[in-house]
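Indexing begins at 1, ligand by ligand and atom by atom, following the structure's order.
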Amino acid sequence: MPELPEVETVARDLARLVGGATIHTGRIIRAANLSTPDTETFARAIAGRRIEGVRRRAKWVLVDLDGGLILMVHLRMTGQLIVLPQSATPDRYVRAELQLNDRRVIRFRDVRAFGRLALVARRADGSPSRSLDPRDDAALSGHGPEPLEATFTVSRFTSDLKRRRGRLKSLLLDQRFIAGLGNIYVDEALWRARLHPLATAASLRAAEAERLHSAIVALLTEAVAARGSSIDDYTGPDGDGAMQERLAVYQRGGQPCLRCGGVIRRVLLGGRGTHFCPRCQPLPRGRRAAGSKRDLMPTATTRRGPRWSEALTEGSAGATAAERAAARRRAVRLGGAR
Ligand SMILES: [Zn+2]
């Protein structure tokens, strides 16, 4: 699923490719993808609008149109925004299209069809409204801070963490806490900051919160520069990203940690694959929330590597004495393979 760096890339590509162009006609092919207004009002309202610019808020692409409108697009799982010559034949996954005056077309292609489009008014402060009425409430007001903006400071982040009870992984995925992160960059940021995904947020020391803050900012900056990670269906309007080649833990379960050589673990956490290095992201006893150990057990269907307890090696930080003894026995059994 596209996250901040991918959506930022889509917005920048579109701004460069179609900024200044005028929409001749707009057509919603699959009505269920459009949140607001109805398809006829959409077609009537968008025709003849000039594209003033394209930007991103959280994981939304915001296309600013003249006359005070914003076309909002959320790519969800498999959505793509592509710019093509009008003559290009659409396939059956195209859910909406905007014909431009210059013989090009912007297509919203979405295989799984979970993506979202909405045409709304621009409010006085520039933010999208919930409807075509600019006096309506802001559409994205429930989102947390943008991690690449100056308002995302260490002190704000540290005090936000202190006040939360959840575990780091779920908290960082929560768009109300911080905007734009998803499964890939949460796992990567936690690995960079050497923090366990199950550690409780409130237990972080100031130095650790600072480490996590700078890991998030550096990682996202790097990922935006690399045009995001082209994993699964993601591609930018102007081509693929390269960040997938630089990911340290995501989808590397069972492979050696790039920092310590330990084995990267993949477990299911809240139904999502979670990747971490048990050796350099230890979970001290005092930070284990109730049920942590159960959460670390992978399910049979998604099992890719050894179980958590088996992945512990003799030197594993965060392991109990019994777990270390078991790891030692296992090592002997395996003939010291590790
Ligand atoms: Zn490691």
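- Remark: the Glu3 side chain and the Tyr234 side chain contain no N/O donor-acceptor pair separated by less than 3.5 Å.
- Taking the six-membered ring for Trp and thresholds of 30 and 60 degrees, His213 and Phe157 have ring planes inclined between 30 and 60 degrees apart.
- Annotation: side-chain contact (heavy atoms from CB on, under 4.5 Å) contacts of Glu210 (sequence neighbours excluded): Val154.
- One finds the CZ atom of Arg57 at 6.5 Å from the NE2 atom of His143 (value rounded to the nearest 0.5 Å).
- For Gln244, the side chain to side chain donor-acceptor pair (under 3.5 Å) criterion is met by no residue, not counting sequence neighbours.
- Any protein N/O/S atom under 2.8 Å from the Zn ion (ligand 1) was counted, giving 4 altogether.
- Applying the side chain to side chain donor-acceptor pair (under 3.5 Å) rule to Lys169 yields the partners Asn183, Asp187, Thr274; only residues at least two apart in sequence or on another chain are considered.
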